[in-house]
Amino acid sequence: NYTDSVNTYDNLRRLYIGLGQVNRSYEYVEKVRDMNLKKYGKLSSMKYLLNNRRINIFQHLDMMDSVKSFIDYYEESAIEPYDKTVAYKKCIYYLYRENYDMLSATIDDAESGYSEYWVQCYKYKIGYLKGRVLESEGDYQEALSTYIESSALFPRHYDLRKSIGKMHRL
């Protein structure tokens, strides 16, 4: 069935990432995207592709222009309440592009979108982005404080834990 297939393909995607075979991983991203497209339509397939873990694959394959076009389509087509998540998706794009000026300029919109759409427990994601901006500005102590505060909201967040360790080493 659909759910079992998606789970299997997603597990294979993670396996190939773990093995360092990004191209093979992308094949499974495409399979799930096509399944979403067939079952739910184009907007759902764009939402799937704009997930943080999948953007990482696009970055490795030097396909970030595709991500930008996905975000543009998503922004034009998203309906309530999904339209509230567009700013966050842009933030992730700017983070991967290491465009910290645009990331900084977009975080407030992402935070307000999350507070309107998501439950407050997702604030750790915004905290992580704010920490990355502070880190890029050289304000390591404030970045560390932001990471620690955000980590208290969701201690299992891998990137937050990794960033806390990095800040302790600096």
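Hydrogens, waters and symmetry mates play no part in the numbers below; they use all other heavy atoms, side chains included.
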Are [X] and [Y] close enough that some pair of their side-chain heavy atoms sits under 4.5 Å apart?
X	Y	value
Leu129	Tyr88	yes
Leu61	Tyr26	yes
Tyr93	Lys89	no

Flag yes if [X] and [Y] sit in one hydrophobic cluster, no otherwise; membership is Ile, Leu, Val, Met, Phe, Trp, Tyr, and two members link when side-chain heavy atoms are under 4.5 Å apart.
X	Y	value
Leu37	Tyr73	no
Tyr9	Leu19	yes
Leu160	Leu95	yes
Leu170	Val133	yes

_When you compare the side chains of Arg33 and Asn36, does any donor N or O come within less than 3.5 Å of an acceptor on the partner?_
no
Flag, side chain of [X] to backbone of [Y], donor-acceptor distance under 3.5 Å:
X	Y	result
Thr146	Gly131	no
Ser151	Ile148	no
Gln59	Tyr96	yes
Asn11	Asn7	yes

*Just jot down the salt bridge (charged side-chain N to carboxylate O under 4.0 Å, His left out) partners of Glu27, sequence neighbours excluded, or say none.*
Arg24
*Ser66: side-chain contact (heavy atoms from CB on, under 4.5 Å) partners, not counting sequence neighbours*: Phe58, Met63, Phe70
*asked:* Assess whether a salt bridge exists between Lys130 and Glu111, defined as any Lys/Arg side-chain N lying under 4.0 Å from an Asp/Glu carboxylate O.
replied: yes
*Is the closest basic N to carboxylate O distance between Asp72 and Lys68 below 4.0 Å?*
yes
To the nearest 0.5 Å, how far apart are [atom1] in [X] and [atom2] in [Y]?
X	Y	atom1	atom2	answer
Leu15	Asp10	CG	CG	11.5 Å
Lys39	Ser5	NZ	OG	10.0 Å
Asp83	Glu76	CG	CD	13.5 Å
Leu12	Lys31	CG	NZ	9.5 Å
Ile164	Tyr147	CD1	OH	9.0 Å
Glu142	Glu135	CD	CD	13.0 Å

*Mind running side-chain contact (heavy atoms from CB on, under 4.5 Å) on Ile17 and His60 for me, showing each step along the way?*
CA-CA 10 Å; Ile17 287 289; His60 283 289; 5.7 Å; no
*Can you see which heavy atom on Met35 is nearest to which on Val6, and at what distance?*
CE-CG2, 3.9 Å
*asked:* For a quick test of reading the model, state the closest non-hydrogen atom pair linking Ser150 to Gly127 and the distance between them.
replied: OG-CA, 3.0 Å
_How about CG on Asp4, more than 12 heavy atoms from neighbouring residues, nucleotides or ligands closer than 6.0 Å, or not?_
yes
_Students often mix this up, so state it plainly: with edges at 30° and 60°, are the rings of His157 and Tyr128 parallel, tilted or perpendicular?_
tilted
Name every donor-acceptor pair, under 3.5 Å, that has one atom in a side chain of residues 99-108 and the other anywhere in the protein, sequence neighbours excluded.
| residue | atom | partner | partner atom | Å |
| --- | --- | --- | --- | --- |
| Asn99 | OD1 | Met102 | N | 3.2 |
| Tyr100 | OH | Arg132 | NH2 | 2.8 |
| Thr106 | OG1 | Met102 | O | 2.7 |

